[in-house]
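If you read the sequence from its start, that first residue is 1, and numbering goes on from there.
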Amino acid sequence: MTSPTQDGPLSPAGPSSLPPDVVARLNAVRAFAGRPWQAQELTGGLTNHNYKVTVPALPVEAGTQTFVARLSTASGALLAIDRDVEHACSVAAARTGVAPMVVDYVPQVGVLVIEWVEGRTYGPEDLRIEANLPGVATALRRLHAAERFPADFDMFAIQRRYLDVVQRNGFRLPERYLEFMPTVERIRGALSVRDEGTVPCHNDLLAANLIDDGEQVWLIDYEYAGNNDPCFELGNLWSESNLAPEQLDHLIELYYGKPLRHKVARARLLGLMSKYGWTLWAAIQDGISGLDFDFWSWGMEKYDR
């Protein structure tokens, strides 16, 4: 889920100062070959180790080039992340101009390299500022007009998959979690009355996955990208940053060009479902991750809401 924070990286380091496995993986990147590189670890990644990498440009007189190298962790399969799909979606999103260009992908060592975007990483408070929402809606419309992604994303299926992982491995399950499964079926039934179709979606729009460069909003981190109902995208964005109900109304109006009550209702149901599903993402991470991060509290905040 959480993406690297674009500001506040640690001190730059050459290969001699980094863990050997990180050095080996970065040395496998073709874009860095034959050029001395320096890397700064970025904070915030929970399913990747992320580095800001600077190399001399070619020709040298052009200065330097900066990239983000995303080094995947072994937890991806349990969390329903397909790195090949992530790469393909990242490439397709970049073609729309709403995502950074993909520079290299080395699946053998689990490294995806994208261009660095200079800008301000959003926090939830930025999405509560009405003036920022038109740029967000524009970015979403551009992404949703991309070529079809190679896979679909269905939070109902993901939630069932996560629940199976939690139960099979004996991970902690939130109190009364299973009591709400009948409600999930009611939500699914309500949404299935009218097939709204699917479009290429990001599906994980935490505020930290939005970067404002002063001219446009960029969408980064396509781990969970897939074709989905656009109302999931809008509802998930609303849910992740805990926006007010009227802000979802405004976002729907900006996205569709007019107020649509049935789209608001659909987005609210899907935003609720996103909380329910991502709660189990946190339960799995609580059971497997070695990171110094309180995944349980992070997930319970969603569950309580």
Side-chain angles (χ1 to χ4, degrees), residues 1-2 46-48 72-86 88-89 148-206 209 221-240 242 265-289 293 295-305:
M1 295 266 298
T2 309
L46 299 180
T47 52
N48 296 279
S72 61
T73 63
S75 63
L78 282 180
L79 297 170
I81 300 171
D82 184 318
R83 297 299 178 183
D84 291 337
V85 170
E86 176 190 5
C89 294
R148 294 284 293 180
F149 286 165
D152 296 331
F153 181 97
D154 178 351
M155 180 50 87
F156 293 94
I158 294 288
Q159 186 268 339
R160 288 281 191 175
R161 178 173 173 176
Y162 284 171
L163 181 59
D164 180 63
V165 170
V166 169
Q167 292 178 321
R168 279 192 293 106
N169 289 277
F171 297 150
R172 281 199 288 177
L173 192 65
E175 185 179 357
R176 299 181 59 219
Y177 187 88
L178 296 178
E179 290 182 26
F180 299 102
M181 290 295 286
T183 303
V184 167
E185 290 308 310
R186 289 181 61 205
I187 293 173
R188 187 203 290 266
L191 294 169
S192 66
V193 169
R194 177 183 296 173
D195 183 1
E196 296 285 342
T198 62
V199 297
C201 286
H202 184 285
N203 299 314
D204 188 23
L205 286 178
L206 292 80
N209 285 334
D221 188 353
Y222 288 82
E223 286 181 324
Y224 292 98
N227 306 306
N228 197 2
D229 186 328
C231 283
F232 179 89
E233 194 94 291
L234 297 161
N236 179 239
L237 176 71
W238 167 71
S239 168
E240 288 293 344
N242 199 18
R266 195 172 187 90
R268 289 190 71 168
L269 287 176
L270 287 165
L272 180 65
M273 188 61 203
S274 79
K275 289 191 195 52
Y276 194 65
W278 293 134
T279 293
L280 292 185
W281 180 96
I284 295 170
Q285 285 282 56
D286 177 66
I288 66 174
S289 179
F293 184 85
F295 287 101
W296 186 257
S297 294
W298 184 89
M300 290 309 97
E301 186 273 335
K302 293 182 184 299
Y303 184 59
D304 290 344
R305 283 200 282 120

Checklist entry - Of V199, L270, T198, which meets side chain to side chain contact (heavy atoms under 4.5 Å, CB included) against P230? => result V199

Checklist entry - Is the backbone of L272 close enough, under 3.5 Å, to the side chain of R305 for a donor and an acceptor to pair up by distance? => result no

Checklist entry - Side-chain contact, heavy-atom cut-off 4.5 Å: P200 with C89? => result no

Checklist entry - Taking all atoms of both residues into account, what is the closest heavy-atom pair of V85 and A225, and its distance? => result CG1-O, 4.2 Å

Checklist entry - To the nearest 0.5 Å, what is the distance between CG (L78) and OG (S289)? => result 11.5 Å

Next on the checklist: Give me the atom names and distance for the closest heavy-atom approach of P174 to W296.
Outcome noted: N-CH2, 3.8 Å

Item to check | Donor-acceptor contact present, side-chain N203 to main-chain Y224, <3.5 Å | outcome: yes

Item to check | V165 vs F171 side-chain heavy atoms within contact, under 4.5 Å | outcome: yes

Checklist entry - More than 12 non-hydrogen atoms from neighbouring residues, nucleotides or ligands closer than 6.0 Å to CZ on R194, yes or no? => result no

Item to check | Which residues share a salt bridge (charged side-chain N to carboxylate O under 4.0 Å, His left out) with E185, sequence neighbours left out | outcome: R160, R188

Item to check | Under 3.5 Å: donor-acceptor pair, side chain of H202, backbone of D221 | outcome: yes

Checklist entry - What pairs with D229 under salt bridge (charged side-chain N to carboxylate O under 4.0 Å, His left out), at least two apart in sequence or on another chain? => result R266

Checklist entry - Should M300 and E175 count as side-chain neighbours, where that means a heavy-atom distance under 4.5 Å? => result no

Item to check | Side chains of T279 and K302, donor plus acceptor under 3.5 Å | outcome: no

Checklist entry - Considering only heavy atoms from C-beta outward, does the side chain of L237 approach that of E233 to under 4.5 Å? => result no

Next on the checklist: Checking C201 against F232 for the side chain to side chain contact (heavy atoms under 4.5 Å, CB included) test, could you report, in this order, the C-alpha distance in whole Å, the side-chain angles of both residues, the deciding distance, and whether it holds?
Outcome noted: CA-CA 9 Å; C201 286; F232 179 89; over 6 Å; no

Item to check | Minimal non-hydrogen separation, R83 against S72, with atom names | outcome: NE-CB, 3.3 Å

Item to check | pair F156-I187: side-chain heavy atoms closer than 4.5 Å | outcome: yes

Checklist entry - So, do L178 and L163 sit near enough that their side-chain heavy atoms are less than 4.5 Å apart? => result yes

Next on the checklist: Donor-acceptor pair, distance only, cut-off 3.5 Å: does the side chain of S239 make one with the backbone of N236?
Outcome noted: no

Item to check | Donor on one side chain, acceptor on other, E223 and N48, under 3.5 Å | outcome: yes

Checklist entry - Do L79 and Q285 touch side chain to side chain, with heavy atoms closer than 4.5 Å? => result yes

Next on the checklist: Checking the side chain of N227 only, and the main-chain atoms of A151 only, is there a donor and an acceptor separated by less than 3.5 Å?
Outcome noted: yes

Next on the checklist: Does the structure place the NZ or CZ of K275 under 6.0 Å from the centre of the six-membered ring of W238, at an angle of no more than 45° from the ring's axis?
Outcome noted: yes

Checklist outcome for this item: Sorted by chain and residue number, the salt bridge (charged side-chain N to carboxylate O under 4.0 Å, His left out) partners of R148 (sequence neighbours excluded) come out as none

Checklist entry - Would N228 and D154 count as a side chain to side chain contact (heavy atoms under 4.5 Å, CB included) if you check the C-alpha gap in whole Å, the side-chain angles of each, and the deciding distance to 0.1 Å? => result CA-CA 7 Å; N228 197 2; D154 178 351; 5.9 Å; no

Next on the checklist: I need the Q159 CD to Y177 OH distance, nearest 0.5 Å.
Outcome noted: 4.0 Å

Checklist entry - Going by the angle between their ring planes, with limits at 30° and 60°, are F180 and Y276 parallel, tilted or perpendicular? => result perpendicular

Next on the checklist: Please find the pair of heavy atoms, one from G189 and one from S192, that lie closest to each other, and give the distance.
Outcome noted: O-OG, 2.9 Å

Next on the checklist: In the structure I gave you, are the side-chain heavy atoms of D286 and W298 within less than 4.5 Å of one another anywhere?
Outcome noted: no

Next on the checklist: Please verify the inter-ring angle class for Y162 with W278; under 30° counts as parallel, over 60° as perpendicular, anything in between as tilted.
Outcome noted: tilted

